[in-house]
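Atom set for the values below is all heavy atoms of this structure, side chains included, hydrogens, waters and symmetry mates excluded.
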2 protein chains.
Amino acid sequence: MQRHIYDCQQGCPVESTLQIISGKWKSVIIYHLLDGTKRFNDLEKLMSDCSRRMLSLQLKELLADGVISKEVFPSVPVKTTYSLTEFGRTLEPVISSMEQWGIMYNQLHRSQASVSEVQK
Amino acid sequence: MQRHIYDCQQGCPVESTLQIISGKWKSVIIYHLLDGTKRFNDLEKLMSDCSRRMLSLQLKELLADGVISKEVFPSVPVKTTYSLTEFGRTLEPVISSMEQWGIMYNQLHRSQASVSEVQK
DNA sequence: CAGTATCCCACTTGATACTG
DNA sequence: CAGTATCAAGTGGGATACTG
């Protein structure tokens, strides 16, 4: 994936934030990790729209940006866990506001669906 | 651009939010419109990394999703303004938290830059 | 289990030029 | 001024198969 899409001239703060969280699945990963440490497999199940390949790529970038950390337990079979770093946890307000908005949006859509049902 | 990337199964709220704001430049546009109504040209200047073509495409999608509205004044030459709709303004907490985080992040980078300077 | 490697095409995006 | 049209190039991302 190409990094540094935004050059954040005039230091636009929103572009800076996007620099870190704008991957296709990054904020979703962070969202799930806010809930606690997860294994690769856990994330795969939580985000079934996201292919294993994409999950792997996005995790790698988050790792490189210091947002998450990875721990490998050399058991057989191997066990890996991902968690937010302290830095990653500073993104909580951002992800939480996205969560809050999404909840509101989903309720809106549910009620619109009900209206359509009634209109039939 | 392909829409509806996320099918938001289990109604993951973060995926729902991304459905609306995940375009490459969408949150930046919303950010600038929080500041007030803007003309096409204003946005072009504020986001000089974004090509005219991309700006146009992203505005079209935000329009289609009801996030922004457009007003055309049939003067010569034509004048167009974009503003957030009431719905679009509900995204303020999301964009503001991105802004806040970006400000923090930029300061962090500035001080790191200074440290590097000193280290030379 | 937790990935990586390879192939490959669709979509995204930039460049450039044109227009009401 | 505020876009659109067209073309070409590059990338994103799926499918599938393989591995320590």
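Nearest nucleotide to the side chain of A/V78, out of D/dG20, C/dT13, C/dG3: D/dG20. If you check C/dT4, C/dT13, C/dA2 against the side chain of B/R53, the one that comes closest is C/dT13. When distances are taken from the side chain of B/P77 to each of D/dC1, D/dA2, C/dT13, the shortest belongs to D/dC1.
We find that NZ of B/K45 is positioned 7 Å from P of D/dC1, with the value rounded to whole Å. When the P atom of D/dA5 is taken as reference, atom CG of B/L57 falls 11 Å away, rounded to whole Å. The separation between A/R52 atom CZ and D/dG14 atom P is 13 Å, rounded to whole Å. Between the CH2 atom of B/W25 and the C1' atom of C/dG14 there is a distance of 13 Å, rounded to whole Å. Taking atom CE of A/M54 as the reference point, atom P of D/dG13 lies 5 Å away to the nearest angstrom. The separation between A/E44 atom CD and C/dA2 atom P is 9 Å, rounded to whole Å. As rounded to whole Å, 10 Å separates atom P of D/dG12 from atom CD of A/Q58. For B/L59 and D/dC1, the CG to P distance is 17 Å, given to the nearest whole Å.
Contact annotation: B/K24 does not reach the phosphate of C/dT12 (side-chain N/O to OP1 or OP2, under 4.0 Å). Here B/K70 does not reach the OP1 or OP2 of D/dA2: none of its side-chain N or O atoms lies under 4.0 Å away. At least one side-chain nitrogen or oxygen of B/S56 sits closer than 4.0 Å to the OP1 or OP2 atom of D/dT4. Within the 4.0 Å cut-off from OP1 or OP2 of D/dG3, not a single side-chain nitrogen or oxygen of B/K60 is found. For A/S51 and D/dG14, the shortest distance from a side-chain N or O to OP1 or OP2 is below 4.0 Å.
Across all strands shown, B/Y82 has heavy atoms under 4.0 Å from sugar-phosphate atoms exclusively, and none from any base.
A donor-acceptor pair is defined here as one N or O able to donate and one able to accept, closer than 3.5 Å; such a pair exists between the side chain of B/T17 and the backbone of A/M98. A/Q58 places a side-chain N or O within donor-acceptor distance of the main-chain N or O of A/W25, the cut-off being under 3.5 Å.
Hydrophobic side-chain contacts under 4.5 Å tie A/V72 into a cluster, directly or through other members, with A/V78.
Annotation: cation-pi pair A/K70/A/Y82 absent, no NZ/CZ under 6.0 Å from the ring centroid and within 45° of its normal.
Applying a 4.0 Å cut-off to non-hydrogen atoms, the residues of residues 31-43 of chain A that approach DNA chain C are A/R39, A/F40, A/N41, listed by residue number.
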**Item:** Pair assignment for DNA chain D - dot-bracket with | for other-strand partners, Watson-Crick or G-U under 3.5 Å
**Value:** ||||||||||||||||||||
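Using a 30° and 60° split on the angle between ring planes, A/Y105 and A/H109 fall in the tilted class, from 30° to 60°.
A/I20 and B/I103 sit in two unconnected hydrophobic clusters of ILVMFWY residues. Membership requires side-chain heavy atoms under 4.5 Å apart, directly or through other members.
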